[in-house]
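A short worksheet on the structure shown next.
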Protein chains: 2
Amino acid sequence: MKNFIGDLNKAFESRVRLGMMSILMVNDYVDFGTLKEQLQITDGNLASHIAALEKLAYIEVRKQFIGKKPNTSYAATKQGKQAFAGHLDALEKLIKQSI
Amino acid sequence: MKNFIGDLNKAFESRVRLGMMSILMVNDYVDFGTLKEQLQITDGNLASHIAALEKLAYIEVRKQFIGKKPNTSYAATKQGKQAFAGHLDALEKLIKQSI
DNA sequence: TTATTAACTTTGAAATTCAAAGTACTTTTT
DNA sequence: AAAAAGTACTTTGAATTTCAAAGTTAATAA
């Protein structure tokens with residue numbers, strides 16, 4: 001009976017950030033509006049989760065204009081992907097030992 | 001790009017409760033001291049997480065004496081195992097779509 | 001010029017998590 | 001017999017986290 005919870009990354013404990021990273025693992029540059037829609041949260045809430053992941057350098061921001069509209073997009077950094085993969089690893093181990 | 005975070009169970013967002021349930025999925029009746037040692041938390045903290053899961057009827061309590069020492073043990077209920085399995089399912093989907 | 005849109009920031013409240021200390025009851029040690 | 005220790009808590013309060021709502025900025029559209 002081993003204990004894997006020590007390998008879980010605190011940054012990904014929240015379901016919102018779990019969802020965000022999951023989306024950003026397979027999509028390069030997803031914009032604010034899309035994230036908001038996918039995660040079904042208010043923009044203030046999303047902005048603060050983004051800030052948390054950005055502070056850890058797990059995601060990066062790209063600001064541009066599409067046509068004449070401002071568009072902010074987010075992508076997982078290499079570090080972010082690595083960290084998230086590690087978290088998923090820990091989750092998988094936990095799942096396996098739970099079966 | 002589907003979104004699976006809606007299927008995650010809020011009761012299992014905390015790593016402590018995640019760890020507890022993971023232990024109780026494969027071990028029938030684990031006692032307070034063992035859980036405390038495995039999870040590396042204070043007894044007050046453990047007690048409150050236990051209370052949370054008990055309130056949801058995800059775990060049940062058995063109080064007995066072993067020799068002359070009081071011994072309190074916990075087991076996952078059927079509902080608890082079901083709920084946890086559902087949570088792990090959601091996590092697995094999230095993991096799969098993140099690869 | 002007023003309204004709208006995008007992407008925030010700020011504020012504050014609610015919820016969560018946690019450690020520390022206290023408690024009750026018993027057993028062990030001195 | 002008295003003091004110390006163990007088990008399993010409960011209570012308290014503080015720190016952290018999460019969240020929604022409202023306000024902000026800057027640009028565009030009506």
Side-chain angles (χ1 to χ4, degrees), chain A residues 3 5-24 27 29-56 58-75 83 87, chain B residues 3 5-6 8-24 27 29-56 58-76 83 87:
Chain A
N3 182 296
I5 66 170
D7 295 330
L8 296 172
N9 189 329
K10 251 206 142 198
F12 307 126
E13 266 192 82
S14 123
R15 103 236 239 109
V16 173
R17 291 197 295 277
L18 205 58
M20 274 189 58
M21 288 304 293
S22 161
I23 290 169
L24 295 182
N27 300 96
Y29 288 105
V30 178
D31 65 31
F32 192 91
T34 303
L35 285 175
K36 193 181 133 182
E37 181 199 337
Q38 291 278 322
L39 300 169
Q40 306 254 64
I41 53 177
T42 58
D43 46 5
N45 195 6
L46 176 55
S48 62
H49 283 294
I50 285 170
L53 291 179
E54 219 190 320
K55 197 177 166 186
L56 295 167
Y58 285 171
I59 61 173
E60 61 187 18
V61 188
R62 184 185 64 190
K63 281 165 194 284
Q64 57 179 2
F65 278 82
I66 290 183
K68 298 191 171 175
K69 287 186 182 171
N71 181 277
T72 308
S73 290
Y74 305 90
H87 183 73
Chain B
N3 184 295
I5 65 170
L8 296 171
N9 189 330
K10 252 209 141 195
F12 307 126
E13 265 193 82
S14 125
R15 101 233 242 112
V16 173
R17 290 196 296 276
L18 205 57
M20 277 188 55
M21 288 304 292
S22 162
I23 291 168
L24 297 180
N27 301 93
Y29 287 103
V30 178
D31 65 30
F32 193 89
T34 303
L35 284 176
K36 193 181 131 181
E37 181 199 338
Q38 291 279 323
L39 301 169
Q40 306 253 65
I41 54 177
T42 58
D43 47 3
N45 194 7
L46 177 55
S48 62
H49 283 294
I50 285 171
L53 291 178
E54 219 190 321
K55 199 176 165 188
L56 295 166
Y58 285 172
I59 63 174
E60 63 188 17
V61 188
R62 184 185 63 190
K63 281 166 192 286
Q64 58 179 1
F65 279 81
I66 291 183
K68 298 190 173 174
K69 289 183 181 174
N71 181 275
T72 309
S73 291
Y74 305 91
H87 183 73

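Chain letters run A, B, ... following the sequence lines, proteins first, then strands; residues in each count from 1. We use all heavy atoms of the structure for the numbers below, so side chains are in, but hydrogens, waters and symmetry mates are not.
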Nearest heavy atoms of B/Met21 and B/Ile59, plus distance in Å = SD-CG2, 3.9 Å

Positions of residues 41-50 of chain A (non-hydrogen atom under 4.0 Å from DNA chain D), listed by number = A/Thr42, A/Gly44, A/Asn45, A/His49

Interface residues of residues 59-74 of chain A with DNA chain D (non-hydrogen, below 4.0 angstrom) | A/Lys68

Set of residues satisfying ring pair (Phe, Tyr, Trp, His ring centres under 6.0 Å) with respect to A/Phe12, sequence neighbours excluded | A/Tyr58, A/Phe84, A/His87

Please tell me if the side chains of B/Lys36 and B/Thr42 come closer than 4.5 Å, counting only heavy atoms from C-beta onward.
-> no

Please work out if B/Arg15 contacts a base, only the sugar-phosphate, or nothing of the nucleic acid, heavy-atom cut-off 4.0 Å.
-> nothing

With sequence neighbours excluded, what pairs up with A/Glu54 under the salt bridge (charged side-chain N to carboxylate O under 4.0 Å, His left out) test?
-> none

Toward the 5' end of DNA chain C, by each residue's nearest nucleotide, A/Ala51 or A/Lys10 = A/Ala51

Using side-chain contact (heavy atoms from CB on, under 4.5 Å) as the criterion, list what pairs up with A/Ser73, not counting sequence neighbours.
-> A/Tyr29, A/Asp31, A/Arg62, A/Asn71

Separation of C/dT17 atom P from B/Met20 atom CE, nearest Å, is 13 Å

Give a yes or no answer on whether the side chain of A/Glu13 reaches the backbone of B/Ser14 with a donor-acceptor pair at less than 3.5 Å.
-> no

Euclidean distance, atom CG of residue A/Leu35 to atom C1' of C/dA7 [Å, nearest integer] | 12 Å

Mind checking whether B/Tyr74 and B/Val30 have side chains closer than 4.5 Å, heavy atoms only?
-> no

For A/Glu37 and C/dT5, what is the distance between atoms CD and C1' respectively, to the nearest whole Å?
-> 16 Å

A/Gln38 side chain reached by B/Ile5 side chain, heavy atoms, under 4.5 Å | no

Determine whether B/Leu39 and B/Asn45 make a side-chain contact, defined as any pair of heavy atoms from C-beta on separated by less than 4.5 Å.
-> no

Start and end of chain B contact along DNA chain D [non-hydrogen atoms, under 4.0 Å] = D/dT7 to D/dT10

